[in-house]
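Everything quoted here is computed from the prediction, not taken from an experiment. Chain A is the first sequence line, chain B the second, and so forth, proteins listed ahead of strands; every chain is numbered from 1. Excluded from the calculations below are hydrogen atoms, water molecules and symmetry mates; all remaining heavy atoms, backbone and side chain alike, are included.
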2 protein chains.
Amino acid sequence: MPVDTTADPGAARPASSALTERQEARRRRILQASARLAGRGGFDAVQMREVAECSQVALGTLYRYFPSKVHLLVATMQDQLEHLHATLRRRPPAGDTASARVAETLMRAFRALQREPHLADAMVRALTFADRSVSPEVDQVSRQTTAIILDAMGTPDPTPGQLAAVRVIEHTWHSALITWLSGRASIAQVRTDIETACRLIDHTDPGPGGAS
Amino acid sequence: MPVDTTADPGAARPASSALTERQEARRRRILQASARLAGRGGFDAVQMREVAECSQVALGTLYRYFPSKVHLLVATMQDQLEHLHATLRRRPPAGDTASARVAETLMRAFRALQREPHLADAMVRALTFADRSVSPEVDQVSRQTTAIILDAMGTPDPTPGQLAAVRVIEHTWHSALITWLSGRASIAQVRTDIETACRLIDHTDPGPGGAS
DNA sequence: ATCAAGTCTGAAACTTGTTCTAGATTAACG
DNA sequence: CGTTAATCTAGAACAAGTTTCAGACTTGAT
């Protein structure tokens, strides 16, 4: 049972200051290769040996940076989400109500994913297949998603009821995405589902306190 | 690309009449072994070689009945869902409103899953990891779930708005289950999420027709 | 009972994720 | 420079899902 005396480049995220420039470059090459391979072929097309080869890194090194294929793809998703959030910030949604703005934002994100359905497939499958060992990373993705939704709402101080609604919207978003990716729901169906869930934002009567 | 001139026992579902008694028995042994192995250890513990051994069937035969591990586990879920539905029918929920009855039913189902968290893990992971080749089976599970929810509502002729709400509830149910299974949400959180989604049933003002 | 077609078995082979090892390279420090 | 620890590389090895194959067994029809 090795005690891992080595520094883990994946763990040293605080300010990327712990990573050499060449290490940063390696990390970026890996994520790029991952996204590129995922773009054509989805989850199955991201083969660790090929990612290693494409990013000019040894297989062992790839595994030092990302301890599993799921870790790698979830990190890829973090990357893409950051881009998305930045893009969305630049052109905020223009709906009248909070729920309309959230629905518009999610549909915009959805259209972005539509442009690269294979990449979306790889990332979402990894996300839902992730076991406990990836929880921190998956949680980070979840927080990022929440942030995007809250941004779209534009509500500076959301009520507990609204936060509960946001959780349900997130659930709906993920699950609807999966059904679309596996061909069991149309795009129109996804829109309807999202809009239905978003309606919860306005009907925010009681807080969720009933559970305590 | 072999043309598969052989009859597929998995496809011959119409009335189980196409299957010999011994074939039915094999099928049941396989599903039992699958559920047992999943019960201790979850998704990873269901190893095809071991399932074959436990059910006294050759590996090739196992693959003839269930063309992949995911197919096997989704079939296991179909099986369990039928049990659940039968059990729930015997003692229908007693809430005053439709949304209360649905929430109660789902929480009851949830408690059943809690008793076998590893089994739940295996089934749900398989369900969300399934690709297009498993769509028919996954869809069947989805229809079964919808039937359970509609049963709980007790509404003989649900409106389009209510059907839309049911879809969101299903999304929430699956996704919340996943977050609980991977340790990212507490049971209380799951209940809150389900109750929040169920609120949509009562607030069923406009139909979903707005999309057209 | 016999034949043909389909099915089952046991075992090996193949694929891809993951781990391990030995040696080369790099980085930090004196 | 030279040393030392960490990192990287190439490649073998291992694990589990999946495929393949030759031969034995069942089944159904005659």
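Spacing between atom CZ of A:R64 and atom P of C:dT26 amounts to 16 Å, rounded to whole angstrom units. When rounded to the nearest whole Å, the span between CD of A:E24 and P of D:dC8 equals 12 Å. Atom CZ in A:F129 sits roughly 10 Å away from atom P in D:dG17 (whole-Å rounding).
Using a 4.0 Å cut-off between charged side-chain N and carboxylate O, A:E104 and A:R108 make a salt bridge. A salt bridge links A:R28 to A:E24: at least one charged side-chain nitrogen sits closer than 4.0 Å to a carboxylate oxygen.
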Treating primed atoms plus P, OP1 and OP2 as sugar-phosphate and everything else as base, which nucleotides of nucleotides 9-18 of chain C get B, S or - for protein heavy atoms under 4.0 Å?
BB--B--BBB
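Contact check, A:Y65 against D:dT7: no side-chain N or O comes under 4.0 Å of OP1 or OP2. Under 4.0 angstrom from either OP1 or OP2 of C:dA27 there lies at least one side-chain N or O belonging to A:R22. Close to D:dA6, at under 4.0 Å from its OP1 or OP2, lies no side-chain N or O of A:Q23.
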If you apply the rule salt bridge (charged side-chain N to carboxylate O under 4.0 Å, His left out), what do you find for B:E53 with B:R49, and how did you get there?
CA-CA 6 Å; B:E53 196 179 340; B:R49 288 173 173 89; over 6 Å; no
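Taking each heavy atom of B:R26 and B:Y65 in turn, the nearest pair found is NH1-OH, 3.7 Å. Shortest non-hydrogen contact noted between A:V166 and A:T146 is CG1-CG2, 4.2 Å.
Between the side chains of B:R22 and B:T20, no donor N or O sits under 3.5 Å from an acceptor N or O.
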